[in-house]
Amino acid sequence: MPAPLLGIDIDFGTGKTSDAEPAALSQDDITTKLARPAMFSRAAYCTPDVVQKWSCGPPCDALPNVKVLTGGGDDGDIPNFFVAHDVDQDTIVVAHQGTEPKNFLSVLNDIKIGQVDADTKILPNATDDVKLHDGFSDAQARTADIVLSTVQSALESTGSKKVVVTGHSLGAAIASIDGMMLRMKLDPSIFVNTVVFGLPRVGNQAWADLVDSTLGSSFTFVTNQKDPVPLVPPQELQFQHPSNEVHITAVDPTGDIATAKSCPGQENVHCSAANSLLDPSADNHRGPYFLNISMGNRFCPL
């Protein structure tokens with residue numbers, strides 16, 4: 001039976017782990033598969049008014065020829081977000097803002113640490129055993145309708161067949177649920193690629209398994225060295241990461257070149273799961289990750 005904690009029913013236990021040996025990730029893979037989503041995640045920290053005009057300074061300048069279709073947020077209950085057409089890649093992009101590490105960890109320490117049933121209006125293929133962190137589920141639900149309707153309209157108007165969903169920190173959690181929603185609700189011919197950074201654990205073992213079976217290799221979460229955020233909420237509270245982690249083990253002094261590895265299975269013991277909350281680095285959560293890309297309010301000047 002679940003044990004009560006702060007008036008919430010929570011199961012104590014741990015999920016799957018993997019001890020499979022990681023494989024080195026090439027610089028070409030980082031550049032071609034991860035860099036562009038990271039740039040959009042960085043831009044999501046900029047204020048909605050400048051993002052709507054795509055005039056947010058260097059974060060926007062690094063991504064020319066982007067047409068923003070909708071956006072919003074209040075940098076609070078509704079984190080900033082936008083949906084855009086990346087014209088050069090002919091891709092519809094969904095990006096969500098995250099939070100500073102100290103603010104994020106304080107949120108996880110308050111009362112909202114329980115799990116709730118997945119909302120089948122948002123995730124129609126979720127079964128009764130799929131549970132999500134209640135705060136992450138609530139945050140995603142606040143923008144789910146506008147994200148889905150805008151993506152559907154954009155795919156029809158542009159003829160694009162590709163969607164990229166991305167975010168950092170809290171934004172990574174929201175983007176993970178968005179990616180699942182879009183994969184379940186869009187036509188199977190549409191390629192939905194979800195690439196997120198500094199991802200906390202979003203749900204339980206059934207959630208992680210559902211992500212694996214629904215998104216497979218089209219889901220990637222990038223962890224950076226001793227970033228503490230991927231360690232929370234803890235596995236002991238029945239939270240579990242899906243597969244397809246890319247773990248950065250080092251970044252050169254310029255912030256440009258990262259050494260990274262692809263981690264097979266869930267909660268690979270050779271990757272971020274080996275880290276300890278007793279030895280964290282909030283700077284690793286912000287970055288740089290690679291190509292001098294760091295994420296947070298301070299890295300968006302406008």
Side-chain angles (χ1 to χ4, degrees), residues 2-16 77-79 81 94 96-99 104-148 165-185 192 194-216 218-221 223 229-245 266-267 272-273:
L5 179 65
L6 300 176
I8 303 170
D9 286 336
I10 300 178
D11 288 323
F12 288 87
T14 56
K16 298 175 183 176
D77 287 343
I78 303 176
F81 74 98
V94 179
H96 288 276
Q97 176 199 30
T99 54
F104 182 86
L105 293 171
S106 69
V107 167
L108 286 175
N109 283 332
D110 76 12
I111 195 69
K112 302 207 84 178
I113 58 173
Q115 295 180 347
V116 295
D117 293 339
D119 184 345
T120 53
K121 293 179 182 177
I122 292 173
L123 301 171
N125 298 349
T127 51
D128 291 344
D129 58 342
V130 175
K131 311 292 182 184
L132 301 178
H133 179 280
D134 58 355
F136 300 158
S137 179
D138 285 349
Q140 189 271 341
R142 294 184 188 111
T143 57
D145 288 345
I146 190 171
V147 166
L148 177 60
V165 189
T166 191
H168 171 253
S169 193
L170 171 61
I174 297 171
S176 297
I177 304 172
D178 267 4
M180 290 285 283
M181 173 186 72
L182 293 169
R183 179 62 288 154
M184 291 180 183
K185 294 201 170 190
V192 179
T194 303
V195 182
V196 297
F197 304 85
L199 176 70
R201 295 186 178 103
V202 173
N204 66 352
Q205 182 68 67
W207 161 256
D209 292 342
L210 184 62
V211 173
D212 285 357
S213 63
T214 303
L215 299 181
S218 64
F219 177 80
T220 303
F221 70 102
T223 59
V229 170
L231 300 179
V232 294
Q235 277 189 295
E236 289 76 13
L237 297 185
Q238 290 288 315
F239 285 90
Q240 180 80 7
H241 275 308
S243 302
N244 297 308
E245 176 184 3
Q266 295 179 7
E267 303 284 355
S272 66

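Once rounded to the nearest 0.5 Å, the distance linking CG of Leu231 with CZ of Arg201 reads 6.0 Å. Once rounded to the nearest 0.5 Å, the distance linking CG of Asp117 with CG of Leu132 reads 9.0 Å. For the atom pair Leu237 CG and Asn204 CG, the distance stands at 12.0 Å (nearest 0.5 Å). Remark: Ile146 CD1 to Phe81 CZ distance equals 4.5 Å, nearest 0.5 Å. We find the CG-CD distance between Leu123 and Gln140 to be 6.5 Å, quoted to the nearest 0.5 Å.
Inter-residue side-chain proximity for Gln235 and Gln240 is flagged as met; some heavy-atom pair is nearer than 4.5 Å. Using a 4.5 Å heavy-atom threshold, the side chains of Leu182 and Leu148 count as touching. Within the 4.5 Å cutoff, no side-chain heavy atoms of Leu199 are placed close to those of Thr223.
Of the possible polar contacts, one joining the Ser213 side chain to the Leu210 backbone as a donor-acceptor pair under 3.5 Å is found. One N or O on the side chain of Asn244 and one on the backbone of Gly216 form a donor-acceptor pair closer than 3.5 Å. Thr194 places no side-chain N or O within 3.5 Å of a backbone atom of Ser176 that could act as its donor or acceptor partner. Side chain of Arg183 to main chain of Thr214: no donor-acceptor pair is present (N/O by atom type, distance under 3.5 Å, no hydrogens or angles).
Counting heavy atoms of neighbouring residues, nucleotides and ligands inside a 6.0 Å radius, atom CG of Asn125 exceeds 12 of them.
The heavy-atom pair separating Asp212 from Pro242 by the smallest distance is OD1-CB, 3.4 Å. Of all non-hydrogen atoms in Val192 and Val165, the two that sit nearest each other are CG1-CG2, 4.3 Å. The two residues Ala173 and Pro200 come nearest to each other via the heavy atoms CB-CG, 4.0 Å. The minimum heavy-atom distance linking Phe239 with His133 is given by the pair CE2-CB, 3.6 Å. Minimum interatomic distance between Ser243 and Gln266 (heavy atoms only, all atoms of both residues): OG-CG, 3.4 Å. A pairwise comparison of heavy atoms in Pro79 and Ile174 identifies CG-CD1, 4.0 Å as the closest pair.
Just one of Glu245, Glu267, His241 meets the side chain to side chain donor-acceptor pair (under 3.5 Å) condition when paired with Ser272; it is Glu245.
Inspection of the Gln115 and Gln238 side chains reveals no N or O donor paired with an N or O acceptor under 3.5 Å. A donor atom on one side chain and an acceptor atom on the other are not found under 3.5 Å apart for Asp129 and Gln205.
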Next on the checklist: Would Met180 and Trp207 count as a side chain to side chain contact (heavy atoms under 4.5 Å, CB included) here? Give the steps.
Outcome noted: CA-CA 10 Å; Met180 290 285 283; Trp207 161 256; 3.5 Å; yes
